[in-house]
Amino acid sequence: MSSIAVELPSIDVPSPPAWPLIGHLPELATQQLDWVARTQGRLGDVFAARAGPQRIVMLSHPDHVRHVLVERRDVYTKGGTFWSAVRSLIGLGLPTSEGQTWRSRRRMMNPEFRRTRVAQMGDAMARTLADQFATWPAQPAAFDVARGVSRAAMAVIVQTMFGTGLTPEQSDEVGDALSFSLDHMLHKVVTDALPAWLPVPGRRAHQRAVARIDAVLYDLIAQRRAEGPSDDLLSMLLEMRDTDGSGLDDEALRDETMSLFLAGYETTAASVSWGIARLAADPTLYAPLVEEVDGVLGDRAPTAADVPALQATTRFFFETLRLDGPVYWLPRTAAQDDVIDGFRIEEGTMVALMLDRIHRHPSAWVEPDRFDPDRFLPERHAGRSPTAWIPFGAGQRQCIGKGFAVMEGTFLLAMLVQRFRFELLDDTRLVPQIGLTRRPRYGVKVRVVPRR
Ligand code: HEM
């Protein structure tokens, strides 16, 4: 823990007028990120909101990222109600642990996520995706692409992690349970700050949802144990040893598995679903992707070696992550008094880096609301603040699966464009669901037209 004493200035973080007790909950519930954007416009890059009893200082400038996640990373911890809500689902896995436990786990897991290791998973990933897309409707009928991509991304994580598959029913069961819990967890941030004796709607249903996911995960773990080690992530977790020779006990194994499962499929699925929604809404975005995919791949499956040549596809994925990324905020709790941008932050304050705002900050982005994948062309990206685009976080807690996710996102988009064209229907509704992650509330129901 940093022991730098900070003398607090007298500038309080501004906050818009709030309702008694409930604070800004009505605005947050109904206008969500639009309210955050409007409030930033009125009050600036640092302001406080109140979700019921929970005060949150929202930070919207790329420089705040460096302060919170890099320079003062020991001050801003994963304590507080948000992270305890996440722990109710994934326990103490890599994303939620801290201190020595986190350091030793991260050290053990890093080699499994190195570029060369991830590249070895490329063929299995492409095979799994091809199998999934083969089941997509051949008729140009209404189809929920978000559900299809979600199943496909879950199949990839289960295949690469457990070396096995799930039935479509198991996949939907886990997907629905997880979606429920992800939404419920945002409520928990508010309700956990209320007295424990108050009955909270959804608490039991959340526990049941966790139990349903656990049942599937424990099955898969038992299957891997019975079949012996293989070339997958679960075998790696089973064989992992710290410098003192100790491995993971059963509880740690469950938490780590659940963490990778949650972090590894919902995020990628949500971002690619938004990407397909963009393609369906604006057919002019297709041309560069089709040209690239047909030129680089033709009819064959992608391999890891193709990723550097699929640049337009990767740029498209990056732009999707900028505007529609599943992680739209990164909350932390101040473990001691601090000053951010001249504003007083008291010990115990919950602060949140608002990725949705940072990814549109005018200091780094021209016409920030425009979807333009070419912003990521090297000549246009050079000179931009390295903390203006942080869909995978920053600093030492940056996403361990970033390389895996970029390969998978690129594969998913390339293989979908290779096979289909997507068209909006008159009644397609594209509305974000802001839960623990941001995903399409009503799915992405489009007409799927096979290309070949
Ligand atoms: C588009 C896909 C993804 C996005 C947007 C994403 C985003 C993030 C972000 C923002 C963090 C940092 C959280 C924080 O600082 O509080 C994170 C951490 C993490 N991610 Fe991802 N992620 C993605 C895919 C994946 C995949 C595919 C895996 C694994 C297979 C994964 C595993 C993890 C883990 C284990 C952590 C915790 C790392 C640590 O604390 O040391 N993620 N991710």
Side-chain angles (χ1 to χ4, degrees), residues 65 68-70 73 76-80 82-83 85-87 90-99 101-110 112-114 117-118 121 124-125 149-150 152-162 232-234 236-237 255-275 314 316-333 350-356 358-359 387 389-413 436-439:
V65 177
V68 173
L69 297 184
V70 182
R73 62 174 187 238
Y76 292 97
T77 70
K78 295 195 171 189
F82 175 84
W83 287 101
V86 180
R87 283 183 193 103
I90 65 175
L92 272 182
L94 196 63
T96 43
S97 54
E98 297 204 86
T101 309
W102 170 77
R103 248 185 301 281
S104 92
R105 291 274 175 89
R106 179 93 192 200
R107 199 173 41 234
M108 287 196 282
M109 288 168 73
N110 270 339
E112 256 327 279
F113 287 93
R114 288 228 173 89
R117 182 72 189 94
V118 168
M121 299 176 201
M125 193 185 269
V149 168
S150 186
M154 196 188 295
V156 164
I157 208 75
V158 170
Q159 189 61 51
T160 47
M161 233 166 106
F162 304 100
D232 51 41
L233 281 164
L234 180 56
M236 174 277 285
L237 288 170
D255 290 353
E256 230 39 280
T257 316
M258 179 71 116
S259 303
L260 288 173
F261 187 72
L262 172 70
Y265 106 89
E266 153 79 19
T267 43
T268 313
S271 30
V272 171
S273 302
W274 284 119
T314 308
F316 185 94
F317 185 50
F318 284 2
E319 181 68 341
T320 305
L321 288 171
R322 182 179 76 86
L323 285 182
D324 309 311
V327 181
Y328 60 91
W329 71 338
L330 285 177
R332 295 288 194 269
T333 295
M350 178 174 170
V351 304
L353 291 162
M354 302 309 291
L355 271 56
D356 191 61
I358 291 163
H359 286 174
T387 49
W389 185 75
I390 54 152
F392 296 102
Q396 61 177 4
R397 302 300 298 251
Q398 196 176 140
C399 179
I400 199 171
K402 180 178 172 185
F404 186 100
V406 171
M407 181 163 84
E408 187 180 359
T410 305
F411 275 20
L412 269 162
L413 286 167
L436 186 73
T437 57
R438 164 173 42 193
R439 54 204 165 71

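This is a predicted model, so every value here is computed, not measured. Numbering of ligands and ligand atoms starts at 1, following listing order.
With Trp389 contributing its side chain and Glu319 its backbone, the two residues share no donor-acceptor pair below 3.5 Å. At least one donor-acceptor pair under 3.5 Å links the side chain of Arg322 to the backbone N or O of His359. A donor-acceptor pair under 3.5 Å links the side-chain atoms of Arg438 to the main chain of Gly325, judged by distance alone. Proximity of a side-chain donor or acceptor of Glu256 to a complementary backbone N or O of Leu94 within less than 3.5 Å is detected.
Ligand 1 lies within reach of Ser271, whose nearest heavy atom is under 4.0 Å from it.
In this structure, atom 35 (C) of ligand 1 lies nearest to the protein heavy atom Ile400 CG2, 3.5 Å. The single protein non-hydrogen atom nearest to atom 42 (N) of ligand 1 is Cys399 SG, 3.0 Å, given as residue, atom name and distance. Scanning all protein heavy atoms for the shortest distance to atom 36 (C) of ligand 1 gives Pro95 CG, 4.0 Å. Nearest protein heavy-atom contact of atom 38 (C) of ligand 1 is Arg106 NH1, 3.4 Å. The protein heavy atom nearest to atom 7 (C) of ligand 1 is Pro391 O, 3.3 Å.
Here the CG-CZ distance, from Leu323 to Phe318, works out to 14.5 Å after rounding to the nearest 0.5 Å. Distance OG1/Thr257 to CD1/Ile90: 11.5 Å, rounded to 0.5 Å.
The closest heavy-atom contact to atom 2 (C) of ligand 1, among the options Thr267, Val272, Val327, comes from Thr267. Looking at Phe392, Trp83, Phe261 and measuring to atom 11 (C) of ligand 1, the nearest heavy atom belongs to Phe392. Between Glu256, Lys402, Arg332, Glu112, it is Arg332 that holds the heavy atom closest to atom 16 (O) of ligand 1. Heavy-atom proximity to atom 40 (O) of ligand 1, evaluated over Lys78, Arg397, Met109, is greatest for Arg397.
Residue contacts with ligand 1, taken as heavy atom pairs separated by less than 4.0 Å, involve Leu330 solely via side-chain atoms from C-beta onward. Within the 4.0 Å heavy-atom criterion, both parts of Ala263, backbone and side chain, lie near ligand 1. Proximity of Phe113 to ligand 1, defined as any heavy-atom pair under 4.0 Å, is confined to the side chain (atoms from C-beta onward). By the criterion of a heavy-atom distance under 4.0 Å, the side chain of Phe404, and not its backbone, is placed next to ligand 1.
Atoms of ligand 1 found under 4.0 Å from any heavy atom of Gly393, numbered from 1 in the order shown, are 10 (C). Atoms of ligand 1 lying under 4.0 Å from at least one heavy atom of Trp102, given by number and element, are 39 (C), 40 (O), 41 (O). Interface atoms of ligand 1 facing Ala405, defined by a heavy-atom separation under 4.0 Å, are 2 (C), 24 (C).
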Point to revise | Residues Leu412, Phe317; criterion side-chain contact (heavy atoms from CB on, under 4.5 Å); working and verdict | key: CA-CA 10 Å; Leu412 269 162; Phe317 185 50; over 6 Å; no

Practice item. Output, in order, the C-alpha distance, side-chain angles, deciding distance and verdict of side-chain contact (heavy atoms from CB on, under 4.5 Å) for Glu408 and Val272. Key: CA-CA 10 Å; Glu408 187 180 359; Val272 171; over 6 Å; no

Practice item. Test side-chain contact (heavy atoms from CB on, under 4.5 Å) on Ile390 and Leu355 and set out the steps. Key: CA-CA 7 Å; Ile390 54 152; Leu355 271 56; 3.6 Å; yes

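Backbone and side-chain nitrogen or oxygen atoms of Glu408 are examined, and none is located within less than 3.5 angstrom of a nitrogen or oxygen of ligand 1. Polar contact check, Gln396 against ligand 1: no nitrogen or oxygen pair lies under 3.5 Å apart.
Ring planes of Phe113 and Phe404: perpendicular class, angle over 60° (limits at 30 and 60°). The aromatic rings of Tyr265 and Phe261 lie tilted to each other, with the angle between the two planes from 30° to 60°.
Between the side chains of Asn110 and Arg106, a donor-acceptor pair is found at a separation under 3.5 Å.
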